[in-house]
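Notes to accompany the following structure.
Quick note on labels: first sequence line is chain A, next is B, and so on, each numbered from 1.
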Amino acid sequence: MPTARTFAVLCGILLSLASPRPNRAAETVTIKGSDTLVILNQRWAERYMATHGIAIVQVTGGGSGTGIASLLAGSTDICASSRPMKEKERVALKAKTGRDPVEIAVAKDGIAVYLNSANPLSALTTEQVALVYRGKITNWKDLGGPDQKIILYSRENNSGTYEFFKEHVLKKKDFTPFAQCLPGTASVANAVARDKRGIGFGGAAYAKGIKFAALQADPARPAILPDEKHILDGTYPVSRDLYYYLRGDPAGPIKDFIDFALSPEGQAIVAKVGFYPIAGKKK
Amino acid sequence: MIQKKLSERIIEGLIHASAAIAIVGLVLIFVFIGKEAVPLFTSPEARAEAGLSKLFLAQVPEPGEPAGHMWQPVSEIPKYSFWPLIIGTLKVTFVALAFAFPLALGAAVFTSEFAPPWLKEIVKPVIELLAGIPSVVLGFFALLVMATAVQDLFGLDYRLNTINAGIALGLAVIPIVFTVAEDALTAVPQSYRQGSVALGATPWQTARRVVFPAAFPGIFAAGILGFGRAIGETMIVLMASGNQAIPSWHLGYGFRSLSATIASELGEVVSGSPHYHVLFFIGVLLFVFTFLINLAGQMWVGRFRKKLTGEQ
């Protein structure tokens, strides 16, 4: 939720203001970028400072693009990004630093498509989901379901989930204005649970009264459910890696913090925040 | 004597100062909101993306599709049509007033003219208590409880629709309209009623033909205040409206209001971007809307009062 994210950013700022400043500036690690990652970054920072504590970690959001711009300008140590860096950005950064940026995947994220549990359909292709959300398919009949209007639930346009869905499922096309925008994944899940004709999307967290649609990347491929196994091995079509970008190889407190984030303890926090651990193996 | 004058002067000065502070505050708010909206007209970048023609004329979403009015600020080609938002705001305001005004007015006439004193002592505070319910609670109630009932009752496609949000908004408007209208009715001199009854009119005829016209300016003001409250209310519509930016007057669909758009988008918008300036421009629009309506209401009430009292 945007408010929660803003709150997390504020807390980060307050915490960093309240903490006693170290003598050497090198002991502050700044992370800037993706709003999707802000809460996870914040949880990591809190835990890290409480248990390891050789550096102060400052977290700010602003979006992946903002974070990459800051990395380019040298005003942040770590850039958090919910998308891979674009070629143009890589070239610009290489021109500045003389080397390729270091990319570290820190967590995985999957977006599930919600259906009411009374809905007879259980699998859709991503193409069908895109046509539904673009307003080109408006009746369940056209998807092999009953002759009923499809009621669409979406997120507000400031949500990272909204942008991710728009980019990966709708291929950057616009949502139909008839999709109702609700303030949070829980609201969307709740709305679909109350509406037999409803469809929604959000994190793959369980909610009563809804089920997850199994998705096919194309009709020839098998339909895949968004569970931990399939999100981690990458066969579920709507999943992404979340990244940290650095100007060079991590060293000192930056390396210490990233090692913590990738450690079993750090990856346990990933699961708590609602993403998936990156290692893919048993911790 | 002199001392008294001095203290009186100080008090007078303080009163003047507090009035001036209120006015200055209002002007400053308007200036600062306006300042953030100005780049929409001056900056070439903002004008290219969200000039006035883009805000009010139909746009083609992508080649080959019909032109329309769309609010899609996060898009490859951002689209900022105001019409879906303006239509949405007006349609829910009308539903809210259509629901709230008759109820509030009926309750006001009943409590001031017909209710025995003991009943009036109960009804008046209870209705005014409605004003104390935080709007987020009303919104939550409309979102979770009322929506399903309204959908079933009217057989609508959408759970979150204009009627649902309008009724919830009406609940917030009722206490305002009731309080002001009731005060206006009570303020009508008792001699009017006594004269009417002495001439043989029934209590109902007295209320309808004598008290009601005499209190009309106040009742009209109650309506204006209710309208102002409804058009600016944010939390209820944000939660209960479904936030669909569609340029349709259909009451079975949801809508996206001006105020809810500011509330949900300003928190995450890139400061200084065209989208940011557009949101402030919406703020200016809302401000001007309510200002003009209040002004028109005041002028009309003033004229009516003169006519009623026979002043020139």
Side-chain angles (χ1 to χ4, degrees), chain A residues 1-7 9-10 35-36 38 61-63 65-66 69 116 134-136 138-139 148-160 162-167 170-184 186-188 190-198, chain B residues 59 61-62 65 68-79 81 83-85 88 136 139-140 143-145 147-148 151-152 156-161 165 235 238-248 250 252-256 260-261 263-271 273 275 279:
Chain A
M1 247 173 81
T3 43
R5 231 181 284 146
T6 317
F7 181 70
V9 174
L10 283 178
D35 284 325
T36 311
V38 160
T66 316
N116 186 282
R134 287 176 55 200
K136 309 291 177 197
T138 55
N139 196 308
Q148 281 176 331
K149 193 169 170 173
I150 302 174
I151 307 295
L152 297 138
Y153 295 101
S154 168
R155 295 284 307 279
E156 276 294 344
N157 58 36
N158 57 23
S159 130
Y162 172 98
E163 277 190 62
F164 173 64
F165 198 79
K166 182 176 179 122
E167 198 173 317
L170 271 62
K171 308 295 178 211
K172 302 190 177 179
K173 297 276 203 292
D174 285 341
F175 281 85
T176 164
F178 284 93
Q180 297 209 319
C181 304
L182 304 179
S187 311
V188 173
N190 200 320
V192 175
R194 284 160 187 271
D195 194 338
K196 269 195 291 217
R197 301 164 302 166
Chain B
Q59 301 285 310
E62 40 191 283
E65 299 210 4
H69 295 286
M70 275 148 297
W71 177 263
Q72 293 269 10
V74 179
S75 170
E76 292 292 287
I77 311 159
K79 289 170 277 290
S81 174
W83 290 118
L85 311 183
V136 63
F140 195 66
L143 173 67
L144 289 183
V145 182
T148 307
Q151 185 188 22
D152 293 346
L156 300 171
D157 278 341
Y158 289 96
R159 255 190 97 244
L160 300 178
N161 53 60
M235 210 55 216
L238 184 64
M239 295 177 83
S241 69
N243 296 306
Q244 294 165 289
I246 44 174
S248 156
H250 196 302
Y253 291 150
F255 63 93
R256 190 178 184 89
T261 302
S264 59
E265 294 177 14
L266 196 58
E268 300 282 311
V269 74
V270 179
S271 173
S273 64
H275 187 190
L279 291 179

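A distance of 7.5 Å separates OG1 in B/Thr261 from CD in A/Glu156, rounded to the nearest 0.5 Å.
Taking the six-membered ring for Trp and the full ring otherwise, the centers of A/Phe178 and B/Tyr253 sit less than 6.0 Å from each other.
The choice from B/Ser75, B/Gly242, B/Pro73 that makes the most heavy-atom pairs within less than 4.5 Å of chain A is B/Gly242.
For B/Leu143, no part sits under 4.5 Å from any heavy atom of chain A, backbone or side chain. In this structure, chain A has a heavy atom under 4.5 Å from the backbone of B/Ser241, while its side chain stays farther away. Contact annotation for A/Lys149: only side-chain heavy atoms (C-beta onward) come within less than 4.5 Å of a heavy atom of chain B.
A donor-acceptor pair under 3.5 Å is absent between the side-chain atoms of B/Arg256 and the main chain of A/Pro177, judged by distance alone.
Contact check for B/Gln72 versus A/Asn157: no side-chain heavy atoms found under the 4.5 Å cut-off. Put simply, the side chain of B/Met70 does not reach to within 4.5 Å of the side chain of A/Asp174, judged on heavy atoms. A heavy-atom distance below 4.5 Å is not found between the side chains of A/Ile151 and B/Arg159.
For A/Lys173, the salt bridge (Lys or Arg N to Asp or Glu O under 4.0 Å) test picks out no residue, with sequence neighbours left out. Remark: A/Lys136 pairs with B/Glu65 by the salt bridge (Lys or Arg N to Asp or Glu O under 4.0 Å) rule, at least two apart or across chains.
A pairwise comparison of heavy atoms in B/Thr148 and A/Arg194 identifies OG1-NH1, 4.0 Å as the closest pair.
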